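From a predicted model like this one, the values you see are computed outputs, not experimental measurements. Note: hydrogens, waters and symmetry copies are ignored here, and every other heavy atom, side chains too, is used.
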Amino acid sequence: MTPDLSMSLTLAAPELILAIGAMALLMIGVFGDERSNTLVTGLAVAILIGAGAWMLFFGEYGEGFQGAFINDPFSRFMKFLTLGGSIVTLVMSVGFAKAERFDKFEFPVLIMLSTLGMLLMVSANDMITLYLGLELQSLAAYVIAAINRDSVRSTEAGLKYFVLGALSSGMLLYGISLVYGYTGNTGFDAITLALSGGERQLGLVFGLVFVLAGLSFKISAVPFHMWTPDVYEGAPTPVTAFFAAAPKMAAMALIVRVTMGAFEPIAFDWQQIIVFISVASMLLGAFAAIGQRNIKRLMAYSSIGHMGFALVGLAANSSAGVRGIAIYMLIYLVMTLGTFAFILAMRRKEGNVEQIDSLAGLSSTNPMMATILTILMFSLAGIPPLAGFWAKWYVFLAAIDAELYALAVIGVLASVVGAFYYLRIIKIMWFDEPVGGFQPMAGELRLVLGASGAFVLFYVLIGGPIGTMAEAASRTFF
């Protein structure tokens with residue numbers, strides 16, 4: 001084994017752990033009996049934790065596979081968020097999967113393979129690596145969206161996701177081909193060098209537009225958000241929680257790396273695209289969610305809006321902006337996982353309920369659940385001094401420092417509009433007549449809900465170290 005290959009394999013050790021682990025668990029599931037399903041889920045969580053522990057204790061920085069793969073402070077930060085999202089959603093899925101009878105061993109294996117693709121996306125330093133990681137993540141996601149084969153809604157969600165995902169992949173590939181045609185390279189460093197050498201050509205800008213279009217689909221940014229409400233509503237709730245959490249971390253990291261890395265010399269061009277996508281996402285997320293009656297559809301539009309807010313930091317094209325994105329994505333991840341832990345606990349004798357009206361009078365039937373969800377809703381709305389306020393504070397501050405005043409003002413106004421539908425949920429829980437309580441909450445859901453509520457409530461006490469880590473991650477590009 002050559003020293004270069006040995007170094008590359010060492011850098012990619014967490015990815016190798018997941019790849020080998022997924023194949024081993026697939027064999028256990030195939031040759032085991034029904035009881036192996038729970039074992040596979042438990043082992044999948046352990047392997048994901050093991051990959052994170054390897055990064056924490058043995059992870060190294062550097063480039064591997066001839067520059068196609070990179071490990072740096074930014075990739076480490078975003079990989080921890082990605083792994084965290086995958087681990088928590090797997091843990092939360094156990095009780096729901098048994099109750100709904102889709103506790104198949106394929107589910108944790110597909111989550112692992114999707115997470116492997118996400119880790120490759122975060123460390124991509126070449127267009128080919130970018131595409132391989134993104135497709136590995138997406139193909140597994142298409143399957144788990146439709147994994148509940150007894151549900152017509154789940155099958156429909158998987159089909160819609162697949163069709164629109166194939167369209168976005170085609171756009172991305174076309175963009176990559178244009179970039180390669182005009183620069184003669186697929187590596188991010190080589191593309192940067194080629195763009196620094198002279199005037200950028202119009203065809204290259206078209207390539208940039210198509211690349212960003214393909215990536216924007218993965219964070220469900222407007223106008224590439226069409227799949228999100230239907231897939232969020234139709235997919236099994238643990239799958240929806242996964243879609244709302246881990247893939248968003250990886251896709252946002254990839255957009256940052258592509259813009260701040262490969263296309264940094266033509267920042268003026270991509271900034272205009274990002275500003276448009278950000279404004280459109282914030283406004284659609286704020287207004288379209290107002291009429292929603294299904295809480296999963298509401299969270300879909302909420303997710304679209306939050307991705308718009310995160311892109312405000314990217315539009316600033318500064319170290320403060322990347323720091324703001326890193327902090328925003330961490331806080332968004334915690335708030336989303338906590339909210340979906342609550343949604344998974346919305347269960348009555350006849351099964352899970354998803355209508356917002358089902359929360360009526362929850363404060364009298366289960367005051368603790370109602371209190372924590374109230375904290376999370378206030379945080380999602382950006383009410384100080386909760387964590388959600390600080391997430392928006394950092395990205396808006398970066399926009400103001402970059403003199404993007406109109407963008408910051410639109411963001412604040414969108415936050416005010418968006419607060420309406422979060423506050424409506426709080427009003428229904430505390431002031432409407434009770435319609436019946438939910439069944440006792442599973443222990444794992446209680447743990448996730450309580451931890452996320454505590455994080456959001458006491459963020460001001462732990463925000464310093466988080467800001468320091470985000471600052472170190474942002475220095476990767478500056």
Let me know which of Lys160, Arg153, Arg293 forms a salt bridge (Lys or Arg N to Asp or Glu O under 4.0 Å) with Glu233. Arg153
Do Tyr131 and Ser169 meet the criterion of a side-chain donor-acceptor pair at a distance under 3.5 Å? no
Do Ser379 and Tyr422 have side-chain atoms, one donor and one acceptor, less than 3.5 Å apart? no
Whether [X] side chain and [Y] backbone form a donor-acceptor pair below 3.5 Å:
{"X": "Arg446", "Y": "Met441", "answer": "yes"}
{"X": "Ser8", "Y": "Phe65", "answer": "yes"}
{"X": "Thr336", "Y": "Leu333", "answer": "no"}
{"X": "Arg76", "Y": "Met55", "answer": "yes"}
{"X": "Ser358", "Y": "Glu354", "answer": "no"}
{"X": "Asn125", "Y": "Gly67", "answer": "yes"}
{"X": "Thr89", "Y": "Phe242", "answer": "no"}
{"X": "Lys79", "Y": "Leu120", "answer": "no"}
{"X": "Ser154", "Y": "Ala145", "answer": "yes"}
{"X": "Ser281", "Y": "Ser278", "answer": "no"}

Go through it in stages, so that I can follow the logic: the residues are Tyr421 and Tyr301, the test is ring-ring contact (aromatic ring centres under 6.0 Å, His included), and I'd like the CA-CA distance, side-chain angles, deciding distance and then a yes or no. CA-CA 11 Å; Tyr421 54 83; Tyr301 286 109; 8.8 Å; no
Evaluate salt bridge (charged side-chain N to carboxylate O under 4.0 Å, His left out) for Asp72 paired with Arg257, printing each intermediate quantity in order. CA-CA 11 Å; Asp72 51 35; Arg257 194 174 289 286; 3.0 Å; yes
Atom [atom1] of [X]: over 12 foreign heavy atoms under 6.0 Å:
{"X": "Phe477", "atom1": "CZ", "result": "yes"}
{"X": "Phe206", "atom1": "CZ", "result": "no"}
{"X": "Phe287", "atom1": "CZ", "result": "no"}
{"X": "Gln66", "atom1": "CD", "result": "no"}
{"X": "Met226", "atom1": "CE", "result": "yes"}

Over 60° means perpendicular and under 30° means parallel, so tell me whether Trp390 and Tyr394 are parallel, tilted or perpendicular. tilted
Do the ring planes of Phe217 and Trp227 sit parallel (below 30°), tilted (30 to 60°) or perpendicular (above 60°)? tilted
If you measure from [atom1] on [X] to [atom2] on [Y], what distance do you get to the nearest 0.5 Å?
{"X": "Asp126", "Y": "Ile191", "atom1": "CG", "atom2": "CD1", "value": "7.5 Å"}
{"X": "Met249", "Y": "Ile219", "atom1": "CE", "atom2": "CD1", "value": "10.5 Å"}
{"X": "Leu43", "Y": "Leu48", "atom1": "CG", "atom2": "CG", "value": "11.0 Å"}
{"X": "Ile111", "Y": "Ser93", "atom1": "CD1", "atom2": "OG", "value": "7.0 Å"}

Give the intermediate values and the outcome of side chain to side chain contact (heavy atoms under 4.5 Å, CB included) for residues Leu314 and Val256. CA-CA 7 Å; Leu314 180 58; Val256 172; 4.3 Å; yes
Ring-ring centroid check Phe455 Tyr459, cutoff 6.0 Å: yes
Pair Phe389 + Phe378: ring centers closer than 6.0 Å: no
Six-ring centre of Tyr232, Lys296 cation under 6.0 angstrom, axis tolerance 45°: no
Looking at side-chain heavy atoms only, is the closest gap between Trp270 and Val258 below 4.5 Å? no
Criterion side chain to side chain contact (heavy atoms under 4.5 Å, CB included) on Ile343 and Met299, from CA distance to verdict: CA-CA 10 Å; Ile343 295 170; Met299 287 304 295; 4.0 Å; yes
